[in-house]
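What follows is one structure encoded as structure tokens, with my remarks underneath.
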Amino acid sequence: MPLPQGDTPTLLIGPLLRHVDPVSATVWVETDRPCTVDVLGRTARTFRAGRHHYALVVVEGLEPGSTTPYEVRLDGSRVWPEESSPFPPSRIRTPGRPGPFRLAFGSCRYAAPSTVDLDEDIPPDALDAYAERVAALPEDEWPDALVMLGDQVYADELTTATRRWLGLRRGEPVPEDAQTRDFEEYTRLYAESWNDPQVRWLLSTIPSSMVFDDHEMIDDWNTSAAWRREVTATDWWDDRIAGGLASYWVYQHLGNLSPAELAENTTWQAVRAQPAGTDAEPLLREMALAADRDPHTVRWSYVRHWGDARLLMVDSRAGRVLEEQGRRMVDDVEFTWVEDQMREAVEDGVSHLLVGTSLPWLLPHAIDSIERWDEALAVRHEGRLLGRAAEKLRQAADLEHWAAFGASFDRLAAALLTVARGEHGRAPATALVLSGDVHHAYAAEVVSPGGLSGRVHQLTVSPLHNQAPHPIRVGFRIGWSRWARRFTGAIARAARVRPVSVEWVKAAGPYFGNQVGELVLDGREARFVLHVSDHRPEGGEGLQQVLDLPLTDPVPAEVAGVPG
């Protein structure tokens, strides 16, 4: 059913401030009809996908280190900021100003608080609380960037309101375990997640970088070759992956690209070249199906340049190599590109190299050992009883992080150690792996091999708005314990699992509840700050700072040694 339309276009989602560099920015919107979108005098016509209309406005000619408030106009009528908004004006702040660079990050946001049933007992939305906190701060203390590390929407865990909407659309009741089927149903998830006032303002004024994880498509997405054989044999997979990847391209990936990358992006140029009013969904569906069948057709990984800091966002889902005898988290072509980007960052003299990957690289030691053990059994006994049992455990327990792709774990370790040793030039002060997925937060640091000029850390923050069931909390607490490490390490050695190529220690955590992490980068100094939003025993809800961890101070003597 068409949306009711008044005399002027309506802004349905956005604006989202996306790619920002010293001289340009992109602003993304969804509108209720075709129109011309104006931001600071730069205009873009909407494009159509299905029943929906979108625009990406490229704003060029900005000054480095400048702050520019902006409005959004549709066919000349101002639609943003809203007249009754309690928030400060949205603005574009370009890199280059003096002072520390602040970056907020996290993952796993199930839905906006207003759409979640109270009986689900999910702690308060940390991203909403963070937006309110930021709005109350002086502008100089606002973050410079927001990094969303996966599961921005949940296609396989739907709210009650969305299930009702699906029932109306499909003309039949839908079960509690219903999942999205196609592009149109995916659009509902983004509207549900991005339209609460706090997050809408935050996304309009802090540049955001995003990457997918499994729940944007389906739980366990690309876990293994066996999983993929099973799912691709169904009659629903093509519609599901086409809707998931096409909607990700529209809502998330477009904004990850710089103006120069947009000019070279064949899909974006094809969409823009279509006659006005043409539906781009068939073109996007073709792109999505090709990307699912041959990952080389689309590179979802990308780079953000932030002066002394550089973010290399790595796709750790869509580009996997899943054959048991050659499992890779990232295929060789893309991994070579990742290594080239790391080397270029060092050659450019960055002080902090950030590697974004939705899945943690360094896990609690016991869990790392179990994932390695399971992979070894699945590979060594492929097709036999023990291999099939290992595969069932892999899928049931989500054993699919970097540790479950041992060759890729080691290759990433080698690349990070090369950076930290300064083999490409002066070593950055830190090489930081930013991740989410595991519904708790922690910090870990590589302590062996030695001889590093820079520090190598794993920083994991998840969820923004979800929950970790009690068994998960217990499991991850135990996973860091010395006795669990000894026990699982013995199991791994008995299975002749190859030893890990690096050793690491837990520097902080685990922390539970909904949470937002912050990096504060000032010259060659770095700090990791963690804010947690949880139900308070004394009543009330709020965002509390629970950690302020220096990342460039000397390693404390009590954690410098490798635990036994």
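Since the structure is predicted, the reported quantities are computational estimates derived from the model, not experimental observations.
To the nearest 0.5 Å, atom CG of residue L262 and atom OG1 of residue T267 are 11.5 Å apart. E518 CD to F105 CZ: the interatomic distance, rounded to the nearest 0.5 Å, is 9.5 Å. Put simply, CG on D239 and CG on D182 are 6.5 Å apart, with the number rounded to the nearest 0.5 Å. Atom-to-atom distance recorded for S301:OG and F335:CZ is 10.0 Å, nearest 0.5 angstrom. Between D308 atom CG and F101 atom CZ the span is 10.5 Å, to the nearest 0.5 Å. Between atom CG of residue L362 and atom CD of residue E503 there is a gap of 10.5 Å, rounded to the nearest 0.5 Å.
Between R93 and I206 there is no side-chain heavy-atom pair separated by less than 4.5 Å. Put simply, the side chain of M313 does not reach to within 4.5 Å of the side chain of N256, judged on heavy atoms. For the pair R394 and T223, the minimum side-chain heavy-atom distance is below 4.5 Å.
For the 3.5 Å distance criterion, the side chains of R109 and N466 fail to qualify, holding no donor opposite an acceptor. There is no side-chain donor-acceptor pair under 3.5 Å between H305 and D348.
Using the six-membered ring where Trp is involved, Y248 and W300 have ring planes that are perpendicular, over 60° apart on the 30 and 60° scheme. The aromatic rings of W194 and Y190 lie perpendicular to each other, with more than 60° between the two planes, well past the 30° mark. Between W28 and Y251, the ring planes lie tilted relative to each other; the angle falls in the 30° to 60° range.
Legend: side chain to side chain donor-acceptor pair (under 3.5 Å) pairs involving residues 349-359, not counting sequence neighbours, sorted by first then second residue: D213-S358, S316-T357, S316-S358, H352-T430, T357-W402.
The existence of a salt bridge linking R411 and D332 is confirmed by a sub-4.0 Å separation between a basic side-chain nitrogen and an acidic carboxylate oxygen. A salt bridge between R372 and E375 is absent, with no side-chain N of the basic residue lying under 4.0 Å from a carboxylate O of the acidic one. Ion pair R328/D331 not flagged as a salt bridge, since none of the NZ, NE, NH1 or NH2 atoms sits closer than 4.0 Å to an Asp/Glu carboxylate oxygen. Ion pairing between R228 and D292 holds under the 4.0 Å rule for side-chain N and carboxylate O. A salt bridge does not link D315 with R320: every distance from a Lys NZ or Arg NE/NH1/NH2 to an Asp or Glu carboxylate oxygen is 4.0 Å or more.
The main-chain N or O of P259 is never found under 3.5 Å from a side-chain atom of E261 such that the two would form a donor-acceptor pair.
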Item checked: Full working for salt bridge (Lys or Arg N to Asp or Glu O under 4.0 Å) between R102 and D522 -> CA-CA 9 Å; R102 293 181 171 88; D522 194 356; over 6 Å; no
Next item on the list: Show your reasoning for whether side-chain hydrogen bond (donor to acceptor under 3.5 Å, both in side chains) applies to S208 and R18.
Entry: CA-CA 5 Å; S208 55; R18 297 302 315 276; 3.0 Å; yes
Notebook entry, point to check: Checking ring-ring contact (aromatic ring centres under 6.0 Å, His included) for the pair H365/W504: CA distance, chi angles, key distance, verdict?
Noted result: CA-CA 9 Å; H365 299 103; W504 62 96; 5.0 Å; yes
Note to self: The test is ring-ring contact (aromatic ring centres under 6.0 Å, His included); show your working for W268 and F47 and say whether it passes.
What the structure shows: CA-CA 10 Å; W268 175 236; F47 66 93; 5.7 Å; yes
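Cation-pi check for R485 over W480 is not met; the charged atom does not lie both under 6.0 angstrom from the ring centroid and within 45 degrees of its normal.
Residues that satisfy the side-chain contact (heavy atoms from CB on, under 4.5 Å) test with A155, not counting sequence neighbours, are T180, Y186, L189, R240.
Heavy atoms of other residues, nucleotides or ligands lying less than 6.0 angstrom from CD of Q269 number more than 12.
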